[in-house]
Amino acid sequence: MQQAGKFVISLDFELMWGVRDLVTIDEYGDHLRGVHTAIPRMLQSFTKYNIQATFAAVGFLFFENKQQMMEAMPSRKPAYTNKALSPYNGHFSSVGESLETDLYHFGSHLIKQIKDTPGQEIATHTFSHYYCLEDGQTVEDFREDLKAAIAVAEKQGISLKSIVFPRNQYNADYLQVCSEYGITNIRGNEHSWLYEPRRFEKETLLRRALRLIDAYFNITGHHCYTNEFMSASKPFNIAASRFLRQYKPRVKMLEGLRLKRIKNSMTHAAKNGLTYHLWWHPHNFGINQQENINLLEKVLQHYQALNKQYHFTSCTMAALANELEAAL
């Protein structure tokens with residue numbers, strides 16, 4: 001009998017820590033403020049459709065105030081050649097004292113909501129939104145960053161088992177460190193040259209353009225994975241299948257194609273006993289929330305139909321890693 005396929009959802013929860021080197025609060029503030037209402041709405045949808053999701057949170061978001069944050073800094077910090085990549089180079093002057101004065105850098109109340117919602121996993125997105133492939137940083141810097149992330153999570157009773165690497169940057173040396181500290185699985189990249197991890201300066205307009213087209217038309221495949229593929233190395237590679245892009249009014253006529261691309265690949269996974277892994281950032285739902293939630297619910301309704309017909313099953317990254325380990 002063919003094994004049932006798996007439906008995995010992961011979210012990169014980062015607020016300003018994940019975009020501060022790309023945009024300003026003036027440019028992106030609406031998206032970030034919207035996260036504080038978008039996550040509760042997503043959790044409602046996940047509960048409604050019996051979805052287990054993984055929220056990979058930046059370690060800075062666990063703190064209730066700036067003083068706690070400053071006291072928990074890792075002993076080593078990344079010395080990126082591009083100084084703009086490091087939050088330690090002056091960014092803390094823009095951080096408020098607590099959530100009451102700063103909606104852009106604090107998320108402990110949302111982490112608590114996620115933790116209190118049955119079936120949800122809290123994973124790590126590193127402590128400082130760490131870039132593993134950028135010049136200047138070292139594996140030992142990353143080790144200290146990961147230790148800081150584990151420590152702040154443990155203080156809230158959370159044992160980290162899954163990691164999502166910022167900008168999907170990693171290599172074998174960093175995976176070894178993850179294994180040493182109890183991380184059982186990662187979210188790898190889609191299995192195509194378009195999605196291979198690269199440094200910022202190595203990214204090209206061609207790859208960006210083709211990834212955008214791939215969101216609407218199947219040019220790289222379904223990106224659904226066998227258990228053998230995911231468990232071929234450790235930590236297990238629960239690779240991404242599709243980034244759920246945010247709703248944009250100027251291309252709303254293409255929404256049907258975007259939804260069809262996702263549903264077709266989910267169906268392929270369900271029929272063939274494979275894993276399909278959908279991901280996005282909560283700030284992608286920060287504006288146009290109703291349109292984004294509407295599309296998400298259509299995806300989840302399709303999941304329910306596949307669950308009934310093919311026993312397609314929702315699970316967190318950590319839960320799937322546990323199953324892969326048990327099958328070895």
Side-chain angles (χ1 to χ4, degrees), residues 1-13 37-56 110 113-123 162 164 185 187 190 215-216 218 221-227 230 238-247 252 254-282 284-285 288-324:
M1 181 178 178
Q2 178 180 280
Q3 65 185 16
K6 302 294 185 183
F7 181 44
V8 178
I9 286 178
S10 63
L11 300 97
D12 302 6
F13 180 23
T37 53
I39 284 182
R41 294 187 70 178
M42 291 179 212
L43 290 172
Q44 289 176 358
S45 294
F46 293 161
T47 299
K48 178 180 177 181
Y49 293 98
N50 297 313
I51 296 295
Q52 299 181 27
T54 297
F55 288 77
L110 294 172
Q113 286 187 45
I114 296 165
K115 181 182 176 184
D116 291 344
T117 302
Q120 311 307 304
E121 176 194 8
I122 296 173
S162 309
V164 172
N185 70 95
R187 188 186 72 205
E190 292 92 330
Y216 298 95
N218 187 349
H222 290 300
H223 301 293
C224 301
Y225 308 102
T226 64
N227 286 358
M230 293 184 290
I238 303 177
S241 301
R242 180 64 36 207
F243 171 53
L244 181 61
R245 292 177 177 270
Q246 64 188 12
Y247 171 86
K252 64 181 181 180
L254 298 177
E255 283 295 276
L257 291 173
R258 183 163 71 105
L259 178 61
K260 182 179 179 182
R261 173 78 165 106
I262 293 169
K263 289 171 66 174
N264 284 350
S265 294
M266 289 173 64
T267 301
H268 176 78
K271 285 183 175 180
N272 294 281
L274 304 173
T275 291
Y276 182 83
H277 189 165
L278 186 67
W279 71 277
W280 68 95
H281 309 90
N284 297 135
F285 281 32
N288 301 310
Q289 282 194 29
Q290 192 56 53
E291 290 83 358
N292 284 306
I293 291 293
N294 286 346
L295 186 128
L296 174 62
E297 294 224 341
K298 290 177 181 176
V299 170
L300 302 186
Q301 288 164 7
H302 187 60
Y303 159 73
Q304 278 200 330
L306 295 174
N307 173 261
K308 291 178 181 178
Q309 186 171 1
Y310 301 105
H311 304 291
F312 198 42
T313 305
S314 171
C315 63
T316 64
M317 291 173 61
L320 180 52
N322 288 340
E323 291 191 24
L324 294 174

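Residue numbers count from 1 along this sequence.
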Do the side chain of [X] and the main chain of [Y] share a donor and acceptor less than 3.5 angstrom apart?
X	Y	answer
Q120	P118	yes
Y310	G273	no
N294	Q290	yes

For [X], side chain to side chain donor-acceptor pair (under 3.5 Å) partners two or more places apart:
X	result
N50	none
T313	none
Q309	none
R258	E255

Kindly write out the residues that satisfy side-chain contact (heavy atoms from CB on, under 4.5 Å) with [X], not counting sequence neighbours, or none if the list is empty.
X	result
A123	T54, A56, E121, S162
T47	T117
Q52	S314, T316
A269	C224, L274, Y276, F312

Side-chain heavy atoms of [X] within contact of [Y], under 4.5 Å:
X	Y	value
C315	V8	yes
I39	I114	yes
N264	N218	no
H302	T267	yes
W280	N292	no

| request: Applying salt bridge (charged side-chain N to carboxylate O under 4.0 Å, His left out), name anything that partners R41, two or more places apart in sequence or on another chain. | output: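 R41 satisfies salt bridge (charged side-chain N to carboxylate O under 4.0 Å, His left out) with no residue once adjacent residues are dropped.
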| query | Quick one: salt bridge (charged side-chain N to carboxylate O under 4.0 Å, His left out) pairs with a partner in residues 296-324, sequence neighbours left out? | reply |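 Sorted result for residues 296-324: K6-E323, K48-E297.
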| query | Residues two or more places apart in sequence or in another chain: which of them pass ring pair (Phe, Tyr, Trp, His ring centres under 6.0 Å) with F243? | reply |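 Scan of F243 (ring pair (Phe, Tyr, Trp, His ring centres under 6.0 Å), adjacent residues dropped) gives W279, H281.
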| task | Can you sort out the partners of F13 under ring pair (Phe, Tyr, Trp, His ring centres under 6.0 Å), two or more places apart, ordered by chain and number? | result |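 Expected list: none.
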| request: Evaluate side-chain hydrogen bond (donor to acceptor under 3.5 Å, both in side chains) for S265 paired with H223, printing each intermediate quantity in order. | output: CA-CA 8 Å; S265 294; H223 301 293; over 6 Å; no
